[in-house]
Amino acid sequence: MSTAAQPLLPAQTGPPDPVDDLFRAASSLSDGYSAVAPASAVAPASAIPPQRPLNTLTEPVSETLWRDVQRVQANLRCVLVPSAQSSLRDWDLWGPFFFIVTLALLLSSSASENKAHVFAVVFGTVSAGAVVLTLNVQLLGGRIIFFQSLSLLGYCLVPLDLAALLCLFTTARLLRMALVLVTFAWSSSAAYPFVAKAVPESRRVLAVYPVFLLYTAIGFLVLAND
């Protein structure tokens with residue numbers, strides 16, 4: 001019996017064609033992708049919501065102001081509440097500037113004369129004192145940023161602001177002295193942990209003592225103003 005001869009494939013006599021290999025590989029990849037993720041399951045580019053860039057120059061002014069208010073509130077709580085003290089990493093200068101101006105306005109408004117002179121003296125004394133104390137901490141090897149230290153000293157001024165406000169409603173000398181003493185101790189105790197941790201232990205007294213002097217001078221300004 002004779003069997004029918006099977007057709008033979010033509011033998012490849014030359015090197016493989018790179019174009020055919022490229023089309024074959026592309027076809028196999030397309031088939032595999034269709035099997036794993038059909039076209040109906042792929043979301044079109046227009047369906048993906050655009051991401052809003054984080055840019056403070058294009059956001060509404062209300063959002064920027066609200067974020068600054070929240071930051072001032074958090075830093076104020078961090079400084080004045082002993083149980084919430086931290087390193088004040090998210091520092092700012094808006095809060096300290098506001099509290100320095102508030103103190104100068106309170107003392108100048110209650111002055112009997114030369115209100116502008118009183119405002120300039122208070123503002124200049126507090127600002128220059130904060131800068132000098134910050135430089136002193138850094139020269140003593142303190143591990144604190146310059147503006148971070150300014151922010152800290154400004155926030156610790158808040159109790160003395162409160163004393164200046166309360167002294168507007170009373171002329172009793174003993175009551176005014178008590179208010180100034182309590183708020184001086186509050187401000188000093190709030191600033192002490194931050195300044196003491198920023199410098200080496202052997203130089204701690206040299207860094208903390210000028211802070212007490214600054215708040216003592218501010219307390220005398222509050223007490224002497226009438």
Side-chain angles (χ1 to χ4, degrees), residues 72-88 91-112 115 117-137 140 142 144 148-199 203-226:
V72 171
Q73 180 182 1
N75 289 337
L76 186 61
R77 181 176 180 271
C78 171
V79 170
L80 297 181
V81 180
S83 60
Q85 286 184 349
S86 63
S87 58
L88 199 70
W91 52 268
D92 68 282
L93 296 178
W94 287 112
F97 177 76
F98 173 77
F99 296 131
I100 293 175
V101 172
T102 299
L103 179 63
L105 287 175
L106 288 173
L107 295 183
S108 62
S109 64
S110 60
S112 56
K115 296 180 181 294
H117 181 70
V118 173
F119 179 89
V121 168
V122 174
F123 185 85
T125 301
V126 177
S127 302
V131 172
V132 171
L133 291 182
T134 300
L135 292 175
N136 178 60
V137 171
L140 292 174
I144 191 170
Q148 183 181 15
S149 178
L150 288 179
S151 178
L152 164 69
L153 295 173
Y155 275 111
C156 292
L157 193 66
V158 174
L160 290 170
D161 281 8
L162 182 61
L165 177 63
L166 295 177
C167 286
L168 292 177
F169 303 100
T170 180
T171 56
R173 180 65 62 178
L174 291 179
L175 181 58
R176 291 166 64 95
M177 289 180 61
L179 289 173
V180 171
L181 286 176
V182 170
T183 53
F184 162 76
W186 189 1
S187 295
S188 301
S189 61
Y192 174 79
F194 296 96
V195 178
K197 292 178 181 178
V199 297
R203 303 176 180 178
R204 187 167 296 174
V205 177
L206 297 176
V208 174
Y209 179 68
V211 177
F212 292 157
L213 287 181
L214 175 63
Y215 292 133
T216 301
I218 298 173
F220 272 112
L221 289 176
V222 175
L223 189 59
N225 192 52
D226 52 7

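Just so you know, these numbers use all the heavy atoms, side chains as well, and skip hydrogens, waters and symmetry mates. Quick note: residue numbers are just sequence positions, from 1.
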Item to check | Any side-chain heavy-atom pair of Leu179 and Cys167 under 4.5 Å | outcome: yes

Item to check | Heavy-atom pair with the smallest gap, counting every atom of Ala163 and Thr183 | outcome: CB-OG1, 3.3 Å

Next on the checklist: On a heavy-atom basis, which atom in Leu107 and which in Ala164 lie closest, and how many Å separate them?
Outcome noted: CD2-CB, 4.1 Å

Checklist entry - Checking Ser187 side chain against Cys156 main chain: does a donor-acceptor pair fall under 3.5 Å? => result yes

Checklist entry - Is the backbone of Gly124 close enough, under 3.5 Å, to the side chain of Ser127 for a donor and an acceptor to pair up by distance? => result no

Item to check | Heavy-atom pair of closest approach, residues Arg203 and Leu140 | outcome: NH1-O, 3.1 Å

Checklist outcome for this item: From the list Val195, Val132, Leu133, side chain to side chain contact (heavy atoms under 4.5 Å, CB included) with Pro210 holds only for Leu133

Next on the checklist: Which heavy atom of Ala191 sits nearest to which heavy atom of Val211, and what is that distance?
Outcome noted: CB-CG1, 4.0 Å

Item to check | Leu152 side chain reached by Gln148 side chain, heavy atoms, under 4.5 Å | outcome: no

Item to check | CZ-CG distance between Phe123 and Leu103, expressed to the nearest 0.5 angstrom | outcome: 11.0 Å

Next on the checklist: Between Arg176 and Thr171, is there a side-chain heavy-atom distance shorter than 4.5 Å?
Outcome noted: no

Checklist entry - Can you tell me how far the CG atom of Leu223 sits from the CG atom of Leu160, to the nearest 0.5 Å? => result 11.5 Å

Checklist entry - What are the two closest heavy atoms between Gly142 and Val199, and how far apart are they? => result CA-CG1, 3.9 Å

Checklist entry - Listed by chain and number, what are the side chain to side chain donor-acceptor pair (under 3.5 Å) partners of Ser108, not counting sequence neighbours? => result none

Checklist entry - For Leu165 and Leu106, which heavy atoms make the closest approach, and how far apart are they? => result N-CD1, 3.9 Å

Checklist entry - Just how far is it from atom CG of Leu214 to atom OH of Tyr209, taken to the nearest 0.5 Å? => result 12.5 Å

Checklist entry - Should the pair Phe184 and Phe212 be assigned to parallel (<30°), tilted (30 to 60°) or perpendicular (>60°) ring geometry? => result perpendicular

Checklist entry - Which distance, rounded to the nearest 0.5 Å, do you find between the OG1 of Thr170 and the CG of Leu175? => result 4.5 Å

Checklist entry - So do the side chains of Leu76 and Phe99 get within less than 4.5 Å of each other, counting heavy atoms only? => result yes

Next on the checklist: Taking side chain to side chain donor-acceptor pair (under 3.5 Å) as the definition, give me every residue that meets it alongside Asp92, ordered by chain and number, with sequence neighbours left out.
Outcome noted: Asn75, Tyr155

Checklist entry - NZ of Lys197 to CD1 of Ile144: how many Å apart, nearest 0.5 Å? => result 11.5 Å

